[in-house]
Amino acid sequence: MNSIVLVKQVPDIKNIPNDAWDKEKGTLKRALLDNVCNELDKQALTFALTLRKQLGGEVVSLTMGPPFAEEVLTYTLSVGADKGILLTDRKLGGADTPATSYPLAQAIRKIAKDIFNGNDDYLIITGMQSIDGDTAHVPPQVAEELSIPHIAYATGFGIENGDLRVERITRRGAETITPQSFPCMITVTEWTKPFYPSFSRTRWAYSQELYRWNAQDIDADSSRIGLGGSRTDVVRVFSPKEVSKRSCIFEENLEKLVKIVKEAYYAEPASREETTQPKYQLPPSTKGNYQGEVWVYAEQEGGEINPASFEILGKATELASSLHEKTAAILVGENVKHLASELIAHGADKVYVVEHRLLDHFLPIPCKKAISELIANYEPQIMLFSATPLGRELAPRVAYSSKSGLTADCTELNIIDHKRGTQELTAVMMQTRPALGGNIMASIITKNSPLQMATVRPGVMKALESDKSKSGEVIEFTPHLTKSDLGTRIISSELYESTVDLKDADIIVSGGAGLKSKESFERYIPPLAENFGGFLNQQTMVGASRLAVESGFIDRSHQVGQTGQTVTPNLYVAVGISGAVQHITGMQNSKVILAINKESNARIFKVADFGIVGDLETIIPDLIQALNRM
């Protein structure tokens with residue numbers, strides 16, 4: 001089976017030189033950063049090469065970027081890819097995710113025709129997301145442009161009776177899925193150690209001629225590429241320090257550190273602005289650039305609404321109040337109507353109940369089709385999704401299908417009037433998000449779109465208190481779906497039994513892959529948790545990163561992060577955790593965060609209040625002694 005591996009050259013944010021910072025603007029000079037292959041794309045390449053060993057076929061790597069991006073293609077050849085294709089053209093510059101996905105899809109069509117000789121029996125494999133944009137939008141939007149199935153968060157595969165079976169993680173467990181047709185998109189998360197190039201293979205790679213295609217070669221529609229074809233517009237880039245409430249204090253004296261952590265632990269928390277107080281009010285008799293209701297996708301699995309949906313529903317009521325519009329929740333599934341009352345109690349004026357027997361388990365294509373039909377019928381002006389694994393898989397396809405822009409992983413949403421040059425916009429949604437691994441912040445508005453869409457980072461918005469006396473309207477909607485819309489088939493699914501509920505813990509001590517073994521995890525993390533609990537006289541629990549869980553250090557019910565539990569303890573201690581956005585999402589709203597890592601530039605320090613840099617085997621025993629002495 002042939003494979004196309006989408007790879008991206010990204011800035012090396014682990015090694016940012018001091019002169020790369022523009023201190024006046026609070027931004028990064030990206031040209032001064034070294035460029036490397038996106039880490040998850042290395043995982044995808046390994047996935048494709050491992051698959052080739054069993055099924056044969058060619059592995060073709062594809063990237064879009066400036067001429068120097070050919071370096072990443074040479075790397076893929078040195079690891080094992082057969083051919084490399086660089087899609088490069090000034091006309092493609094300045095593109096957002098839809099304007100990136102379209103030309104990539106056109107290039108894939110050309111590969112299938114010219115290199116695979118029209119054989120559609122192939123896979124497109126790529127990393128779940130890239131470290132620079134971190135949106136996870138492009139793969140599902142490429143799949144939507146090609147009208148093909150998409151399997152996200154893949155962690156492995158098997159071949160049974162000649163059929164490909166892909167293993168993937170979900171928020172609450174794991175699934176094994178098989179494509180019902182090809183081609184198929186697979187996005188890979190961290191699942192193994194990437195292959196490394198050999199000396200002889202590297203010499204061969206540098207002797208190979210790469211394919212170089214431009215916009216004309218792929219027959220791209222000029223109105224759908226580059227800045228002109230984009231559906232979002234970055235209006236401001238600024239330093240995270242302008243909005244961050246944290247600044248990491250590094251302290252080598254552990255007794256002093258323990259003392260200041262205790263002071264921060266008992267300090268009064270800063271007051272939060274109430275969600276129900278709108279910051280903006282559309283003036284009477286004034287029309288905004290968009291009209292219609294404010295919608296929230298109410299994510300549910302197994303008849304249980306994800307708490308993150310209540311958070312964005314709280315924000316949606318604020319936005320709708322500013323616009324003098326109704327707030328509506330979109331509830332999709334089979335036999336889910338009974339959940340509508342919960343959504344009304346948490347702020348929804350309306351609940352659109354979209355039920356169908358083919359929606360009993362989440363699959364992105366039928367769910368996307370159902371929501372897109374609903375959007376076409378009722379024409380909202382805003383639609384919000386939570387940036388959960390399911391939301392990141394679904395929202396990009398809905399946005400692309402609806403010809404709308406989408407901003408990922410937002411930490412702030414506001415209604416504003418916007419003026420830029422001759423452009424004047426009234427009552428549009430400003431969407432603010434971190435980028436480049438949290439090193440910069442970007443504020444974005446939607447353009448060239450019938451509605452404004454965003455995914456929202458879980459834990460950053462505040463849910464309204466449940467009001468069971470509140471009344472609302474329930475509207476039933478039946479989408480037009482057939483079995484041909486499924487795209488993939490779930491072979492098996494496993495819900496991991498949650499034997500540990502971390503959300504009520506006052507103190508959580510979490511260990512990561514930096515501990516290197518189950519023995520080290522057990523030697524250091526439970527005793528450190530016990531001693532912090534004794535020091536502060538509070539309940540303490542043990543947590544873990546996904547990599548620690550996948551490595552078998554501890555049971556999955558202890559996992560914190562995007563595919564685990566979202567927690568907000570008064571003290572969160574992260575030991576040997578690098579700070580991937582998937583983990584940060586699940587713990588960033590803790591009152592006090594202490595990070596311990598041997599790497600001084602680990603991303604976890606960007607969200608921490610206090611930090612210790614050094615060898616874990618030395619620091620943790622010394623820290624336990626300091627806690628006992630105090």
message = Within this structure, what is the CZ-CG distance for the pair Phe182 and Asn2, rounded to the nearest 0.5 Å?
response = 11.5 Å

Polar side chain donor-acceptor pair, Thr135 to Arg433, under 3.5 angstrom = no

remark   = Closest non-hydrogen contact found for Ser443 with Phe238 is OG-CE2, 3.5 Å

message = Is there a side-chain hydrogen bond (donor to acceptor under 3.5 Å, both in side chains) between Asp41 and Gln43? Walk through the geometry before answering.
response = CA-CA 5 Å; Asp41 294 342; Gln43 297 278 338; over 6 Å; no

Check against side-chain hydrogen bond (donor to acceptor under 3.5 Å, both in side chains), Thr189 and Arg546 = CA-CA 11 Å; Thr189 188; Arg546 186 180 74 82; 3.1 Å; yes

ask   = Can you name the one residue among Leu451, Leu413, Thr327, Leu323 that meets side-chain contact (heavy atoms from CB on, under 4.5 Å) with Ile382?
value = Leu323

task = Kindly determine whether Asp409 and Arg392 satisfy side chain to side chain contact (heavy atoms under 4.5 Å, CB included), including the steps that lead there.
result = CA-CA 9 Å; Asp409 207 28; Arg392 283 173 162 242; 3.7 Å; yes

ask   = Is a side-chain donor-acceptor pair under 3.5 Å present for Asp417 with Tyr280?
value = yes

key: Leu62 vs Val7 side-chain heavy atoms within contact, under 4.5 Å   = no

inquiry  = Between Gln9 and Glu71, do the side chains contain a donor N or O and an acceptor N or O under 3.5 Å apart?
reply    = yes

message = I'd like to check Leu359 versus Pro479 (side-chain heavy atoms, cut-off strictly below 4.5 Å). Are they in contact?
response = yes

Candidate pair Met185 and Ile151, rule side chain to side chain contact (heavy atoms under 4.5 Å, CB included), full reasoning = CA-CA 6 Å; Met185 170 73 75; Ile151 300 172; over 6 Å; no

ask   = Yes or no on side-chain hydrogen bond (donor to acceptor under 3.5 Å, both in side chains) for Ser449 and Ser404, after CA distance, side-chain angles and deciding distance?
value = CA-CA 4 Å; Ser449 304; Ser404 296; 4.8 Å; no

Student check: side-chain heavy atoms of Leu331 and Tyr352 closer than 4.5 Å = no

key: Thr407 side chain reached by Met453 side chain, heavy atoms, under 4.5 Å   = no

ask   = Of all heavy-atom pairs between Pro149 and Thr488, which one has the smallest distance, and what is that distance?
value = CB-CG2, 3.8 Å

task = Test Glu311 against Lys462 for salt bridge (charged side-chain N to carboxylate O under 4.0 Å, His left out), laying out the working first.
result = CA-CA 5 Å; Glu311 295 170 6; Lys462 188 178 180 182; over 6 Å; no

task = For the residue pair Tyr378 and Trp295, categorise the inter-ring angle as parallel (less than 30°), tilted (30 to 60°) or perpendicular (more than 60°).
result = tilted

query = Measuring from Tyr297:OH to Asn306:CG, what's the distance to the nearest 0.5 Å?
reply = 10.0 Å

query = Heavy atoms, side chains only, cut-off 4.5 Å: are Met430 and Ile415 in contact?
reply = no

ask   = Would you say the side chains of Thr446 and Gln452 form a donor-acceptor pair under 3.5 Å?
value = no

ask   = Among Val60, Leu45, Leu49, Ile125, which one satisfies side-chain contact (heavy atoms from CB on, under 4.5 Å) with Ser3?
value = Ile125

query = Taking it one step at a time, do Leu394 and Ile371 satisfy side chain to side chain contact (heavy atoms under 4.5 Å, CB included)?
reply = CA-CA 10 Å; Leu394 175 62; Ile371 296 171; 3.7 Å; yes

More than 12 heavy atoms from other groups under 6.0 Å of CD on Gln423 = yes

request  = May I ask you to check if Arg397 and Tyr400 form a cation-pi contact, with NZ or CZ under 6.0 angstrom from the six-membered ring centre and within 45° of the axis?
outcome  = no

remark   = Output for pair (Gln129 CD, His137 NE2), nearest 0.5 Å, gives 10.0 Å

remark   = In Thr63, Leu86, Asn35, the residue satisfying side-chain contact (heavy atoms from CB on, under 4.5 Å) with Val72 is Thr63

ask   = To the nearest 0.5 Å, what is the distance between CZ (Phe385) and CD1 (Ile312)?
value = 8.5 Å

task = Give a yes-or-no answer on whether the side chains of Ser372 and Ser401 include a donor-acceptor pair shorter than 3.5 Å.
result = yes

message = Using modelled atom types and a 3.5 Å cut-off, is there a donor and acceptor pairing between side-chain atoms of Asn377 and backbone atoms of Leu374?
response = no

query = If you look at every heavy atom in Thr455 and Gly391, which pair is closest and at what distance?
reply = CG2-O, 4.4 Å

message = Looking at every non-hydrogen atom in both residues, tell me the closest pair between Leu210 and Thr74 and how far apart they are.
response = CD1-OG1, 4.2 Å

task = Starting from the C-alpha separation in whole Å, work towards a yes-or-no answer on salt bridge (charged side-chain N to carboxylate O under 4.0 Å, His left out) for Glu145 and Arg224.
result = CA-CA 12 Å; Glu145 169 63 30; Arg224 298 182 63 187; 2.8 Å; yes

inquiry  = Is the shortest side-chain heavy-atom distance between Met587 and Ile604 below 4.5 Å?
reply    = yes

request  = Please check if any side-chain donor atom of Thr232 sits under 3.5 Å from a side-chain acceptor atom of Asp96, or the reverse.
outcome  = yes

ask   = What is the distance from atom CG of Asn414 to atom CE of Met429, rounded to the nearest 0.5 Å?
value = 10.0 Å

ask   = Do the non-hydrogen side-chain atoms of Pro103 and Leu87 ever get within less than 4.5 Å of each other?
value = yes

Nearest non-hydrogen partners of Ile490 and Phe362, listed with the distance = CD1-O, 4.3 Å

request  = Could you tell me whether Glu373 and Lys368 make a salt bridge, using a distance below 4.0 angstrom between a side-chain N and a carboxylate O?
outcome  = no

task = Taking only Lys NZ, Arg NE, NH1 and NH2, and the carboxylate oxygens of Asp or Glu, determine whether Glu70 and Arg212 approach each other closer than 4.0 Å.
result = yes

task = Could you verify whether a donor N or O on one side chain and an acceptor N or O on the other, from Tyr290 and Glu325, lie under 3.5 Å apart?
result = no

request  = Output, in order, the C-alpha distance, side-chain angles, deciding distance and verdict of side chain to side chain contact (heavy atoms under 4.5 Å, CB included) for Gln588 and Arg457.
outcome  = CA-CA 10 Å; Gln588 64 186 346; Arg457 182 176 287 190; 2.7 Å; yes

request  = Over 60° means perpendicular and under 30° means parallel, so classify the ring planes of Tyr122 and Phe116, tilted if in between.
outcome  = tilted

request  = Using modelled atom types only, decide if a donor and an acceptor are shared between the side chain of Asn214 and the backbone of Asp89 within a distance under 3.5 Å.
outcome  = no

task = Might you confirm whether atom NE2 of His418 has over 12 heavy atoms from other residues, nucleotides or ligands at distances under 6.0 Å?
result = yes

message = Rounded at 0.5 Å granularity, tell me how far CG in Leu164 sits from SG in Cys184.
response = 7.5 Å

ask   = Take atom NZ in Lys110; do more than 12 heavy atoms of anything else shown fall under 6.0 Å from it?
value = yes

key: Closest heavy-atom pair and its distance - Ile584, Gly579   = CD1-O, 3.0 Å

inquiry  = Run the side-chain hydrogen bond (donor to acceptor under 3.5 Å, both in side chains) test on Thr97 and Gln141 for me, step by step, so that the C-alpha distance in whole Å, both residues' side-chain angles and the decisive distance to 0.1 Å come before the verdict.
reply    = CA-CA 8 Å; Thr97 58; Gln141 292 188 334; 3.2 Å; yes

4.5 Å side-chain heavy-atom contact, Ser386 and Val456 = no

